[in-house]
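Data block below; observations after.
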Amino acid sequence: MTTRTPWRRMALVAGLALMATACGGTTKSDVAQQTSAPAAAPASSAAADPNAPIKQGLRIAFLPKQVNNPYFTTANTQGIAATEEFGGEGKEVGPSEASASSQVSYINTLIQQKQDAIVISANDPNAVVPALKQARAAGIKVVSYDSDTAPEGRDIFVNQASAEDLGRTQVQLLAEQIGRKGKIAILSATPNATNQNTWIDFMKDELGKPEYKDMELVKIAYGNDDDQKSFTETQGLLRSYPDLAGIISPTTVGIAAAARYLSDSPHKGKVKLTGLGTPNQLRQFVKDGTIEGFELWNPGDLGYLAGYAAAALASGQITGAEGEKFKAGKLGEYTVGADGEVLLGKPTVFNKDNIDDFDF
Ligand code: RAM
């Protein structure tokens with residue numbers, strides 16, 4: 001990458017803007033890292049009993065970044081299906097916007113309802129922590145999934161895939177598509193999102209390698225996981241950088257909006273687009289030549305695994321300590337890793353050859 005200095009300048013400007021607008025949210029500099037978090041707070045003094053049966057009638061609430069996002073609808077539908085399998089009661093609640101503190105009032109309500117577990121994808125690693133600490137003090141188990149909280153906010157984190165792999169492979173996919181040359185931009189979700197910020201850090205690290213010396217990251221734009229804003233941000237990127245070679249959008253909302261913009265513009269097929277998307281939202285854009293390839297894990301499996309993890313915690317099978325094992329229905333056995341992290345598995349790369357094999 002040839003532009004270390006412009007990137008630093010950009011980071012500074014973005015940081016200042018964030019400080020002005022974060023409204024209680026977490027600025028980039030203190031965002032918890034999705035893979036390098038310090039050890040989780042001790043989950044419980046009770047010892048884990050791997051043979052304890054799953055308690056009947058567990059009430060588990062899924063709290064996504066936002067409710068009107070097909071990615072979370074798929075994840076939470078499967079999470080709720082998991083609760084039905086083990087005789088529990090699942091539900092989805094959450095804000096319509098993915099802003100930093102939008103989840104706090106939902107957590108407070110779930111505490112009042114005495115839910116057994118909360119499964120949360122954090123819009124901000126820290127803004128939700130005081131409320132989640134109260135939930136934990138009230139005996140409610142907390143599982144973060146998709147986007148982690150600071151470690152003291154949760155018992156375990158169900159991670160969709162290695163954050164490092166996701167960050168690096170998105171750069172690799174785009175590099176291949178643009179012949180390792182040209183200006184590139186990132187269209188992210190919200191500026192506070194733990195998951196996107198962690199992936200972006202790995203993207204920057206990957207771009208620092210000599211093989212990407214002819215690629216220049218010119219801008220990180222934020223579509224806030226809002227379809228219209230993501231669309232407008234894409235338009236803005238192309239206006240500011242008419243010679244842009246490619247865009248990485250590590251958000252299902254962002255990549256779908258960017259694809260819609262590009263597919264209807266003279267840039268279609270010329271400005272390359274990759275990132276993280278759902279096959280159902282992007283199928284038409286792969287078929288019409290707007291997108292060559294992108295990746296994602298199975299969001300349904302992520303929700304299902306998080307549901308079983310919540311049940312394992314609430315039943316005393318695990319406490320969140322490294323090395324503990326639990327069974328996740330049809331997905332089989334999982335082990336809690338370092339820092340209370342459970343890893344779903346490897347993502348899939350989708351292109352015209354395999355996209356019709358997937359329905360989510
Ligand atoms: C959006 C959300 C979610 C992220 C996916 C890839 O739906 O930002 O957190 O994991 O994209």
Side-chain angles (χ1 to χ4, degrees), residues 25-26 31-32 34-35 62-79 92 94-100 102-103 119-125 127-128 143-149 157-167 169-170 173 186-200 202-203 220-227 229-231 233 247-259 273-282 291 293-303 305-306 343-350 358 360:
T26 303
V31 164
Q34 191 136 347
T35 53
F62 293 81
L63 177 46
K65 285 179 172 177
Q66 57 184 159
V67 285
N68 51 351
N69 175 344
Y71 166 85
F72 284 114
T73 305
T74 304
N76 297 336
T77 302
Q78 288 308 306
E92 181 194 60
S96 52
E97 275 181 27
S99 63
S102 60
Q103 293 167 308
V119 178
I120 181 172
S121 169
N123 279 318
D124 182 292
V128 288
V143 174
S144 58
Y145 74 139
D146 179 70
S147 181
D148 201 5
T149 66
F157 169 45
V158 179
N159 195 355
Q160 46 268 57
S162 146
E164 176 165 4
D165 276 5
L166 284 173
T169 53
Q170 287 174 77
L173 276 172
I186 294 173
L187 174 67
S188 190
T190 60
N192 297 35
T194 327
N195 51 349
Q196 271 89 10
N197 284 338
T198 308
W199 301 330
I200 289 169
F202 283 113
M203 288 181 201
I220 301 180
Y222 296 94
N224 290 351
D225 270 353
D226 174 90
D227 174 74
K229 178 151 171 60
S230 304
F231 187 91
E233 287 293 328
I247 300 173
I248 299 177
S249 186
T251 140
T252 59
V253 180
I255 195 172
L273 172 65
T274 192
L276 304 175
T278 67
N280 285 355
Q281 285 179 289
L282 299 185
I291 297 183
F294 63 98
E295 60 184 320
L296 198 71
W297 49 93
N298 183 322
D301 285 351
L302 180 67
L305 175 57
L343 194 64
L344 175 67
K346 284 207 172 292
T348 302
V349 175
F350 306 98
F358 298 91
F360 56 78

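Sequential numbering from 1 along the given sequence is applied to the chain's residues. No hydrogens, no waters, no symmetry mates; every other heavy atom, side chains included, goes into these values. For ligands, and for the atoms within them, numbers begin at 1 and follow the listed sequence.
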Practice item. Give the minimum heavy-atom separation between T149 and V128, together with the two atoms involved. Key: CG2-CG2, 3.8 Å
Practice item. Please determine, by modelled atom types, if D165 and T169 share a side-chain donor-acceptor pair under 3.5 angstrom. Key: no
Exercise for review: Would you name the heavy atoms of F294 and G277 that are closest together and state the gap between them?
Suggested key: CE1-O, 3.2 Å
Exercise for review: Would you check ligand 1 and list the protein residues that come within less than 4.0 Å of it by any heavy atom, ordered by chain and number?
Suggested key: K65, N69, Y71, F72, D146, Q160, N195, Q196, W199, D225, P250, T251, T252, L276, W297
Practice item. Establish, from distance only, whether the side-chain atoms of N76 and Y145 form a donor-acceptor pair under 3.5 Å. Key: yes
**Study point:** Backbone N/O of D226 and side chain of N224: donor-acceptor pair under 3.5 Å
**Key:** no
Exercise for review: Determine whether the side chains of S230 and E233 contain a donor N or O and an acceptor N or O closer than 3.5 Å.
Suggested key: no
